[in-house]
Amino acid sequence: QVQLVESGGALVQAGGSLRLSCEASGNFFRTNAMGWYRQAPGKQRELVAEITTGRTTDYADSVKGRFTISRDNTKNTVYLQMNSLKPEDTAVYYCHADIMFLVGRHDYWGQGTQVTVSS
C-alpha cells in the first residue's frame with residue numbers, strides 16, 4: 001500500500017502565499033507523474049498543476065503565473081508554491097501520484113488539505 005500525505009493547507013488572506021507539500025511513502029519502485037487537484041463546494045475536481053518525472057509541467061489557466069509546481073524525486077515529494085492567492089482559490093487540494101510497482105502502475109490520492117483564502 002502507498003500513502004500520500006499532504007501538508008501546508010491553511011487560512012490565508014487574499015494576496016498571501018502558501019506552500020503545499022505531498023510525500024509518497026510505502027514500498028514501490030518509483031513515482032511517475034505527480035500533481036495537485038482541487039475541489040471547491042459544488043464544483044467538480046479539477047487539475048491545478050502536474051509535473052512529470054522529467055520535470056515537465058502543466059498548469060490550469062486560472063493559476064498560471066501565480067502557482068509553481070516542483071518535485072524532489074529522491075524524496076518522492078511534490079510541492080505547490082501558491083502566490084497572490086485569491087478567494088476563488090479556496091478549495092480542498094488533493095495530491096495525486098502515478099506509482100510504478102514491479103510490473104504495473106496504480107493511481108493514488110491524498111486525503112486532501114483545506115486552503116481557505118479570505119477577502
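Bear in mind the structure is a predicted one, so any value in this text is a computation, not a measurement.
Comment: D61 engages K64 in a salt bridge, judged by a side-chain N to carboxylate O separation of less than 4.0 angstrom.
When the side chains of ILVMFWY residues are joined at heavy-atom separations under 4.5 Å, either directly or via intervening members, Y93 and L4 end up in two distinct hydrophobic clusters. Both W36 and V12 belong to a single network of hydrophobic side chains, linked directly or stepwise wherever heavy atoms of I, L, V, M, F, W or Y lie under 4.5 Å apart. Placement of M100 and Y108 in two distinct hydrophobic clusters is found when ILVMFWY residues are connected by side-chain heavy-atom separations under 4.5 Å, directly or transitively. A continuous path of Ile, Leu, Val, Met, Phe, Trp and Tyr side chains, each step under 4.5 Å between heavy atoms, connects I51 with M82, placing both in one hydrophobic cluster.
Here CG of L20 is found 11.0 Å from CZ of R38. Values are rounded to the nearest 0.5 Å. Residue D89 holds its CG atom at 9.5 Å from CG of L18, rounded to the nearest 0.5 Å. The distance from the CG atom of L11 to the CD atom of Q13 is 8.0 Å, given to the nearest 0.5 Å. The OH atom of Y94 sits 10.0 Å away from atom OG1 of T113, with the distance rounded to the nearest 0.5 Å. Here the straight-line distance linking atom CD of E23 with atom CG of D72 works out to 9.5 Å at 0.5 Å rounding. Taken from OH in Y79 to CE in M34, the straight-line distance is 10.0 Å, to the nearest 0.5 Å.
The shortest non-hydrogen separation linking A14 to S119 is CB-CA, 4.4 Å. In terms of heavy atoms, E50 sits closest to L47 at CB-CD1, 4.1 Å. Closest approach of S84 and S17 over heavy atoms only: N-OG, 4.3 Å. Of all heavy-atom pairs between V78 and S70, the closest is CG2-O, 3.3 Å. Between V48 and F67 the shortest heavy-atom distance is CG1-CD2, 3.7 Å.
Within a 6.0 Å radius of CD in Q3, no more than 12 heavy atoms belonging to other residues, nucleotides or ligands are found. The neighbour count for F29 CZ, taken as heavy atoms of other residues, nucleotides or ligands under 6.0 Å away, does not exceed 12.
Taking the six-membered ring where the residue is Trp, Y37 and W109 present perpendicular rings, their angle passing 60° and hence far from 30°.
A donor-acceptor distance shorter than 3.5 angstrom exists from the side chain of E6 to the backbone of C95, with no hydrogens or angles considered. Y59 places a side-chain N or O within donor-acceptor distance of the main-chain N or O of I69, the cut-off being under 3.5 Å. A distance-only check finds no donor-acceptor pair linking the side chain of R30 to the backbone of N73 [under 3.5 Å]. T90 places a side-chain N or O within 3.5 Å of a backbone atom of V117 that can act as its donor or acceptor partner.
Between T31 and R71, the closest side-chain pair of non-hydrogen atoms falls below 4.5 Å.
Using modelled atom types and a 3.5 Å distance limit, the side chains of T116 and Q114 yield a donor-acceptor pair.
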